[in-house]
Structure formats: structure tokens, C-alpha cells
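One structure is given here, and the rest of the page talks about it.
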Amino acid sequence: MSSEGDAVGGPPRPAAGPDGPREQRDRRPRYRRRILLAAAAAVLGAAGIVGAGAAATGHGGAAPVRAVAQRTASPAGEPLREVTEPEADLLHAAEQILLRDCMRNRGFVYEPVPRQPVPDARDFPYVVDDPEWARRHGYGSDLDRKREEISTEGVNERYFRSLPQERRAPAIAAANGSRPDGLSARAPDGLKISRSPDGCQSQAERGLYPDLAAWFQARVTVDSLPPLRGGQVIADGEFRGATRKWSACMNAAGYAFQDPAAARAALPPPDRPFPREREVAMAVAEADCARSSGLAETAARLDRKYDTELREKYGHDVTAWLRFRLDALPRARAVVEADAER
């Protein structure tokens, strides 16, 4: 999903990816492996739709990975589409501008941030399956360190830390609203996610998506689908069978891992990574085995299958999500062009 510009415990911060708003403060470490196994993603909790001022009740949750819908029919039968990457950049840029202006009007500073601060970063939900990427980045510890540096050394983080103590709470309230309620949505697993409709994050989104309540519900639903899909994929017998072949391949290469999750668990934290040669060799072996064992093809096929089923099951919100994004493009373009003329 995209909330292009979150607030997490401070002034608004960018989402991690093209489709990743954060609703409740994420208590996990900022560092995330570039390999986000579906097994883990399915239990990451509700830290996922827009900022520190949100509250969640229930269990389960959403872990944004990517936009779930590629093509869906509208109620009128007209085909809808996911926005393109340049269009997603446009939506992000416009939301950042609206967020900046709102914070400025409330007496605070916010500097727009890029949608993808580390462009080469990638998510591999099931297994690393790109040998060339693995040769360049191993498991992505170099990219994770870059992203950590950006998130901790960025201008907005520095600004927030520089505020006097008595100004920090008002800054958070300006970004997120004074109370985490007033706007709520129900995720597919029953989780209720709430936030304030009055903070600058909500105001910025309202500038692009005027029906904020409907937009919020659609976003919560779409954000929840990737981990649901991932759980279905890894529980599928075909996936388990391909994983056994992958494991045999890895054992032959000198790596005794039952599945990719075990390989993830063996990795050290990014501030103390394996020597580069060791990380790259292991990642390349994983990617080569993913292809030769058929695990990469099986995972991709099952991912498409369950994606289609979930899009049909939650078609109302998926359709709304697609329509909201497409309808927002002219508004986003006007915001960006007006800002350029200032």
C-alpha cells in the first residue's frame, strides 16, 4: 500500500516500500531482511497502516509487501489497473508535498522524502530467486544498512530529535492527530485498525482521496492480502514439495537448511554481517537452487493463484483501491505542478 509518508513515533516518515503505510508504531527493529518470508509476514501484526497515533484491537495483521491487484473489473465491468511505477511516484510526491504543507501550517518542519530511498532493494517473499541480484548484494545486508542510515540520519529524524521535549508531543499530534480514533477499518482477519482523521497524515491523504473513510478501509484490506496470500502459498503441498528439492540442492552445495526460512534464521544482524564473500556465496547458492529445484517457479505460480482468489474474495475493496489511486492521479499532478511553480 502506499501512504507515502508516515509518522512513526515522531514527525512523518516515509513508508518502506511502494505500498507500505504504517498505522500503529512498528515495534520491530527498523532493519528488515530483503527476504520477507511469507511465514513471518503473516504474523507481523498490525503495524501497518499509517503512523504513531493509531490503535489496533484484535489479532493477526497486515504486512505490506506489494500492491495485490494487477487487473480487476469495476462494478460497471470496466477494467481497472494498478498504477504504474511513475504514477506511484507521482502519488507519493503529491502526498509528501501535502504533508509538508500541513505540518508547516501547524508550526513544524517536514521535508519530503523519496518513495524508494534505496532503489536496488528488493523483497523476496519466499526465496531468493535472482542469482545476479544475489551476486551484487548477497542477502541485501548492504542495502539494509543504507536504509537504516537513511531512516536514522534523515533530515526529518534529525529535526524531530532537535525539538525541545515540550514540542515533541505537539509535533506527533500534528502529524497523527491527538487521539488514535475517529477513523477505523476492519482487516480480513477481523483486526480493527483505528487512527485519527485529523492529523496531517490524514489531511494529506484526504487531499488525494476525498472519501478518506472508504480509502482507509480499502487500504487496510489490500495491505492485509499479501501475508494472507503468503501463508496460503507456504502451506500448499506443491510448495512444500519444491522446498524439499531446494533443500537437497542446498545440502549438495554445502548448506544444510531445511527451507529458506532456516537460511534467514542463520543470518547475523546487519550491523555484524557475514564477510561479503560468505554472504554472497550463500545467497547465490540459494538463488541457483531456487531455480534448478523448481521452487522459484512453483512459488511464483502459487502466488499468482492465491492472489487471484483473494482479489476475487475481497473484490469490493480491491476495486475501490484501484479506483481511488487512478482517480487521484489528476489531483496529484496538480499538486506537484503547483508546487513546482512556487
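The analysis underlying the following values was restricted to heavy atoms, covering all of them including side chains, and did not include hydrogens, waters or symmetry mates.
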Quiz item: Please walk me through it: do Arg206 and Glu95 pass salt bridge (charged side-chain N to carboxylate O under 4.0 Å, His left out)?
Solution: CA-CA 9 Å; Arg206 191 182 286 110; Glu95 189 173 318; over 6 Å; no

Practice problem: Before giving the answer on salt bridge (charged side-chain N to carboxylate O under 4.0 Å, His left out), spell out for Asp101 and Arg342 the whole-Å C-alpha distance, their side-chain angles and the decisive distance to 0.1 Å. | Solution: CA-CA 12 Å; Asp101 291 350; Arg342 292 180 187 175; 3.0 Å; yes

Practice problem: Before giving the answer on side-chain contact (heavy atoms from CB on, under 4.5 Å), spell out for Met103 and Val109 the whole-Å C-alpha distance, their side-chain angles and the decisive distance to 0.1 Å. | Solution: CA-CA 6 Å; Met103 290 294 285; Val109 173; over 6 Å; no

Exercise. Determine, step by step, whether Glu157 and Arg161 satisfy the salt bridge (charged side-chain N to carboxylate O under 4.0 Å, His left out) criterion, reporting the C-alpha distance in whole Å, the side-chain angles of both residues, the deciding distance to 0.1 Å, and the verdict.
Key: CA-CA 6 Å; Glu157 288 283 342; Arg161 289 195 301 267; 3.8 Å; yes

Practice problem: Would you please test Asp339 and Val335 for side-chain contact (heavy atoms from CB on, under 4.5 Å) and show each step? | Solution: CA-CA 6 Å; Asp339 186 67; Val335 168; 5.5 Å; no

Self-check item: Trace of the salt bridge (charged side-chain N to carboxylate O under 4.0 Å, His left out) decision for Glu148 with Arg145
Solution: CA-CA 5 Å; Glu148 179 68 8; Arg145 288 192 297 274; over 6 Å; no

Practice problem: Give the C-alpha distance, both sets of side-chain angles, the deciding distance and a yes or no for side-chain contact (heavy atoms from CB on, under 4.5 Å) between Lys245 and Leu295. | Solution: CA-CA 8 Å; Lys245 295 178 181 177; Leu295 179 57; over 6 Å; no

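Taking CZ from Arg136 and CG from Leu143, the interatomic distance works out to 9.0 Å, rounded to the nearest 0.5 Å. One distance of note links CZ of Arg100 with SG of Cys200; it measures 12.0 Å at 0.5 Å rounding. For the atom pair Ile193 CD1 and Ser224 OG, the distance stands at 5.5 Å (nearest 0.5 Å). In this structure, the separation between OG on Ser184 and CZ on Arg195 is 11.5 Å, given to the nearest 0.5 Å. Put simply, SG on Cys289 and CG on Asn251 are 9.0 Å apart, with the number rounded to the nearest 0.5 Å. Going from atom CZ of Arg244 over to atom SG of Cys249 covers 15.5 Å, rounded to the nearest 0.5 Å.
Side-chain contact of Asp303 with Tyr126: a donor-acceptor pair under 3.5 Å is present, judged by distance alone. Side-chain contact, Glu111 with Tyr159: no donor N or O sits under 3.5 Å from an acceptor N or O. No hydrogens or angles considered: a donor-acceptor pair under 3.5 Å links the side chains of Glu87 and Thr84. In this structure, a donor-acceptor pair under 3.5 Å is present between the side chains of Tyr110 and Gln96. Glu312 and Thr308 share no donor-acceptor pair across their side chains, judged by distance under 3.5 Å alone.
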For residues 234-242, run the donor-acceptor check on the side chains, cut-off 3.5 Å, and write out each pair with its distance to 0.1 Å, sequence neighbours left out.
from: Asp236; atom 1: OD1; to: Glu238; atom 2: N; distance (Å): 2.8
from: Asp236; atom 1: OD2; to: Tyr306; atom 2: OH; distance (Å): 2.6
from: Glu238; atom 1: OE1; to: Arg301; atom 2: NH1; distance (Å): 3.1
from: Glu238; atom 1: OE1; to: Arg301; atom 2: NH2; distance (Å): 2.9
from: Arg240; atom 1: NH1; to: Ala235; atom 2: O; distance (Å): 2.3

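Note on Arg304 versus Asp307: no salt bridge recorded, every NZ/NE/NH1/NH2 to OD/OE distance being 4.0 Å or above. For Arg264 and Asp259, the salt-bridge test fails: no basic side-chain N is under 4.0 Å from an acidic carboxylate O. Note on Glu279 versus Arg276: no salt bridge recorded, every NZ/NE/NH1/NH2 to OD/OE distance being 4.0 Å or above. The pair Arg115-Glu85 meets the salt-bridge criterion, with a side-chain N (NZ, NE, NH1 or NH2) lying under 4.0 Å from an Asp/Glu carboxylate O. Salt bridge annotation for Arg291-Glu297: absent, with no cationic side-chain nitrogen under 4.0 angstrom from a carboxylate oxygen.
With Arg311 contributing its side chain and Gly315 its backbone, the two residues share no donor-acceptor pair below 3.5 Å. Side-chain atoms of Gln203 never come within 3.5 Å of backbone atoms of Asp198 as a donor-acceptor pair (strictly under, hydrogens ignored). At distances below 3.5 Å, at least one donor-acceptor pair connects side-chain atoms of Asp189 with backbone N or O atoms of Leu191. Of the possible donor and acceptor atoms, none in the side chain of Ser194 sits under 3.5 Å from a partner among the backbone N and O of Pro180.
Heavy-atom neighbours of Glu309 CD from other residues, nucleotides or ligands within 6.0 Å: above the threshold of 12. Applying the 6.0 Å contact sphere to CZ of Arg278 captures no more than 12 heavy atoms from other residues, nucleotides or ligands.
Nearest approach of Pro114 to Pro117, heavy atoms of both residues: O-CD, 3.8 Å. Across Pro188 and Leu228, no two heavy atoms sit closer than the pair CB-CD1, 3.8 Å. Of all non-hydrogen atoms in Arg331 and Pro210, the two that sit nearest each other are NH2-CD, 3.6 Å. Nearest heavy atoms, Pro260 versus Glu286: CB-OE2, 4.3 Å. Contact between Ser202 and Ser196 at its shortest, heavy atoms only, is OG-O, 2.7 Å. Across all non-hydrogen atoms, the minimal contact from Leu225 to Leu310 is O-CD1, 3.7 Å.
Both tests hold for Arg168 against Phe160: distance to the six-membered ring centre under 6.0 Å, angle to the ring axis within 45°.
Note: His137 and Trp133 have tilted aromatic rings, judged against thresholds of 30 and 60 degrees for the angle between ring planes. Between Phe324 and Trp215, the angle of the ring planes goes over 60°, which puts this pair in the perpendicular group of the 30/60° scheme.
Hydrophobic cluster membership differs between Val284 and Tyr255, with clusters built from Ile, Leu, Val, Met, Phe, Trp and Tyr side chains linked at under 4.5 angstrom. Linking Ile, Leu, Val, Met, Phe, Trp and Tyr whenever their side-chain heavy atoms come within less than 4.5 Å leaves Val280 and Phe274 in two separate clusters.
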